[in-house]
Structure formats: structure tokens, C-alpha cells
Amino acid sequence: MHIRLPREGMELAQVFMADENRQIFQPPLILVVEDNDDNLLLMSYALELFGCRLICQTDSSTTVLVAKEYQPDLILLDILLPAINGIDVVRSLKQEPLTHNINVVAVTALASLEDRERILEAGFDDYISKPYMIEDLEDIVSRHLGSKLKHNSALDLC
């Protein structure tokens, strides 16, 4: 038995199937925790150029709650913060079932080899030292977001 749909029905079926197979691109969400307003502004401009959505915080006391609520794709976390330092925050994040799989990158002025080792041992997934080049930030973000990130290089946009 062969069923033939009217022309309108065929078009509707094709649209429905195309919509079903099409993946809607959602830009990745990054939680940035940085207490220096200038650093936060610079980082937010760069991340927006990379095609990301942002949640910005200057106070680390609610970072775990925000991460649990919004489930960001990546967290960029300063170490030297006034309320709770970044090392304590990452330890809390890695202990929480809702946040332990979120990659967390330390963004810090602590640049010695010992600092780097201590930071990575605390639970950070990666590390970038301040001041950083925009290309280095782009590399780190791209490495952790992979296919979730659709953008032109920031250098191409300049």
C-alpha cells in the first residue's frame, strides 16, 4: 500500500523533519569571577568576541550557588578574591554533585611554578596567568569549550 500526501502535507513533513534534525546553536555560558573591574571588563569584551554568553561576579561568596543554578559551560576564576579565595571556591565546586564536572580555569597573577602546581592540585582544570595575551585566553577557552564554541578568531575580528 502506498500513501500519497497532498503537496502541502509533504512540505510540512519535510519542514518538520528538517527542524527535528537541525540543532539550534546555543552560545556557551561562562561564569567569570574577578574582583578587579578593569580585568572583568577586558575579559568580558574578549569572551563576547569569542561568541560566549557571560555571568560576571566580583564577589566569590555566591559563586557555588550561581554555578549550581546556571550550570555554566566553563568557569574562569580569579584566585586572590576578597571574600573567599579561588582555591576554596574550586574545592567547593568540585565537591558539589551539580558542579563537579564543570571545568574551572584559574586566572591569576600568581605565576610561579609552585603557585601553578598548587592551583592545579587544588582542583582547577587549567591555569592562565595575568597579564595574559588575548590569544592565550582564546586558546584556553577554545580548549575547554571545544565544539560548543562557534566563532572567528578574535584576531580575525580586529
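Please read all numbers here as calculations on a predicted model, not as lab measurements.
Scanning all heavy atoms of the two residues, the minimum distance from Ala67 to Ile102 falls at O-CD1, 4.3 Å. Val107 and Tyr132 make their closest contact through CG1-CE2, 3.9 Å (heavy atoms, listed as atom of the first residue, atom of the second, distance). Here the shortest heavy-atom pairing between Asn36 and Asp38 reads OD1-N, 2.9 Å. Closest approach of Arg91 and Ala122 over heavy atoms only: CG-O, 3.6 Å. Between Pro27 and Arg53 the shortest heavy-atom distance is O-NE, 2.9 Å. Of all heavy-atom pairs spanning Leu81 and Gly86, the tightest one is CD1-N, 4.2 Å.
Side chain of His144 to backbone of Val141: no donor-acceptor contact under 3.5 angstrom is found. Side-chain N or O atoms of Thr99 include one that pairs as donor or acceptor with a backbone N or O of Leu93 at under 3.5 Å. Formation of a donor-acceptor pair under 3.5 Å by the Thr63 side chain with backbone atoms of Ser60 is found in this model.
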Result block: side-chain N/O donor-acceptor pairs under 3.5 angstrom for residues 42-51, not counting sequence neighbours:
from	atom 1	to	atom 2	distance (Å)
Ser44	OG	Leu40	O	3.2
Ser44	OG	Leu41	O	2.8

**Prompt:** Does the pair Ile79 and Ile87 meet the rule for a side chain to side chain contact (heavy atoms under 4.5 Å, CB included), with working shown?
**Reply:** CA-CA 6 Å; Ile79 298 295; Ile87 289 181; 4.2 Å; yes

**Request:** Decide yes or no on side chain to side chain contact (heavy atoms under 4.5 Å, CB included) for Val33 and Leu76, but give the supporting numbers first.
**Result:** CA-CA 6 Å; Val33 186; Leu76 300 177; over 6 Å; no

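The shortest side-chain heavy-atom distance between Phe124 and Val105 does not fall under the 4.5 Å cut-off. Residues Ile55 and Val66 form a side-chain contact, since some pair of their non-hydrogen atoms from C-beta on lies under 4.5 Å apart.
For the atom pair CG (Asn85) and CG (Leu80), the distance works out to 8.0 Å, reported to the nearest 0.5 Å. Atoms CG and CD, on Leu98 and Gln71 in that order, are 5.5 Å from each other to the nearest 0.5 Å. Atom CG of Asp136 and atom CD1 of Ile134 lie 9.5 Å apart (nearest 0.5 Å). We find the CG-CG distance between Leu31 and Leu74 to be 9.0 Å, quoted to the nearest 0.5 Å.
Under a hydrophobic clustering in which Ile, Leu, Val, Met, Phe, Trp and Tyr are joined whenever their side-chain heavy atoms come within less than 4.5 Å, directly or via other members, Tyr70 and Val89 fall into the same cluster. Criterion: ILVMFWY side-chain heavy atoms under 4.5 Å apart, direct or through other members. Under it, Leu77 and Leu29 are part of a common hydrophobic cluster.
Under the salt bridge (Lys or Arg N to Asp or Glu O under 4.0 Å) criterion, the residue pairs touching residues 121-132 are Glu34-Lys130, Asp78-Lys130, Lys94-Asp125, Asp126-Arg143, with sequence neighbours excluded. Pairs of residues two or more places apart, or lying in two chains, that qualify as salt bridge (Lys or Arg N to Asp or Glu O under 4.0 Å) and include a residue from residues 96-116 are Lys68-Glu96, Asp115-Arg118.
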